[in-house]
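As structure tokens, the structure follows; a few thoughts come after it.
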Amino acid sequence: MLKTRIAVLVSGGGTNLQALIDAQKKGIINSGELVLVISDNPNAYALERAKNNGIDTFVVNKKECSSQADFEQRIIDSLEENRIDLIVLAGFMKILTANFTSRYPERIINIHPSLIPSFCGEGFYGLKVHEKALEYGVKVTGATTHFVNEIPDGGKIIMQKAVEILDGDTPEILQKRVMEQAEWIILPLSVEKVSKIIKESK
Ligand code: GRF
């Protein structure tokens with residue numbers, strides 16, 4: 001059976017991409033294959049990680065696009081050229097409209113650094129999420145993988161993992177713990193889970 005062809009969309013450092021690459025090497029991801037990394041940022045370190053591992057890359061610089069529709073179309077064209085079955089948003093910082101997401105129902109996975117429905121939705125990204133969790137005073141946070149639809153962080157949940165908040169945590173310390181103890185674990189597991197479903201349906 002043919003493996004699920006996976007594209008990862010990134011904007012920055014790409015530690016979640018690295019977790020996927022490592023999981024593929026270890027065989028944790030086995031039903032799918034990482035074949036393409038798309039970045040909206042030409043300087044994203046994630047692109048180096050892809051190149052170092054023989055994964056094709058494609059850059060779509062939004063500033064060079066005439067509109068949001070043009071930006072999304074360039075991504076769609078690249079996905080189609082590469083016959084992508086599954087899209088993973090791993091620190092992709094640009095909004096994708098319903099025009100994009102509706103083409104890929106249950107075929108786009110996002111990782112969010114909190115336990116949805118807490119600290120999610122519009123404006124909750126990056127360190128902000130952890131700042132808000134600390135500000136509220138919750139004692140447990142975590143990460144969530146979910147399918148992407150037209151509602152920000154509103155699609156069906158795939159996996160969640162809880163992480164303790166400790167006295168003295170700063171947003172930066174908490175962000176690191178959530179990545180190490182939750183994001184880098186559940187993202188590869190979720191990608192394998194969905195890749196398996198897609199592979200079996202091909
Ligand atoms: C992660 O915290 C992820 O949850 C969020 O963006 C960050 C990406 O980090 N969506 P990296 O580029 O994978 O290192």
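Numbering of ligands and ligand atoms starts at 1, following listing order. Excluded from the calculations below are hydrogen atoms, water molecules and symmetry mates; all remaining heavy atoms, backbone and side chain alike, are included.
Hydrophobic clustering, defined by side-chain heavy atoms of Ile, Leu, Val, Met, Phe, Trp and Tyr closer than 4.5 Å, groups M179 together with W184. I38 belongs to a hydrophobic cluster with L9, V35, L36, F58, V60, F71, I75, I76, L79, I84, I87, L89, F92, L96, F100, Y104, I108, V148, counting contacts under 4.5 Å between side-chain heavy atoms of Ile, Leu, Val, Met, Phe, Trp and Tyr, direct or through other members.
Look at D22 and K26 and you find no salt bridge, because none of the NZ, NE, NH1 or NH2 atoms lies under 4.0 Å from a carboxylate O. The residues E192 and K196 are annotated as not salt-bridged, no charged nitrogen and carboxylate oxygen being separated by less than 4.0 angstrom. One finds a salt bridge joining D85 and K202 here, because a Lys/Arg side-chain nitrogen approaches an Asp/Glu carboxylate oxygen to under 4.0 Å.
Residues of the protein with a heavy atom under 4.0 Å from ligand 1 are G13, G14, T15, N16, G91, I111, P113, M179, E183, listed by chain and number.
For residues 127-168, no pair satisfies ring-ring contact (aromatic ring centres under 6.0 Å, His included), with sequence neighbours left out.
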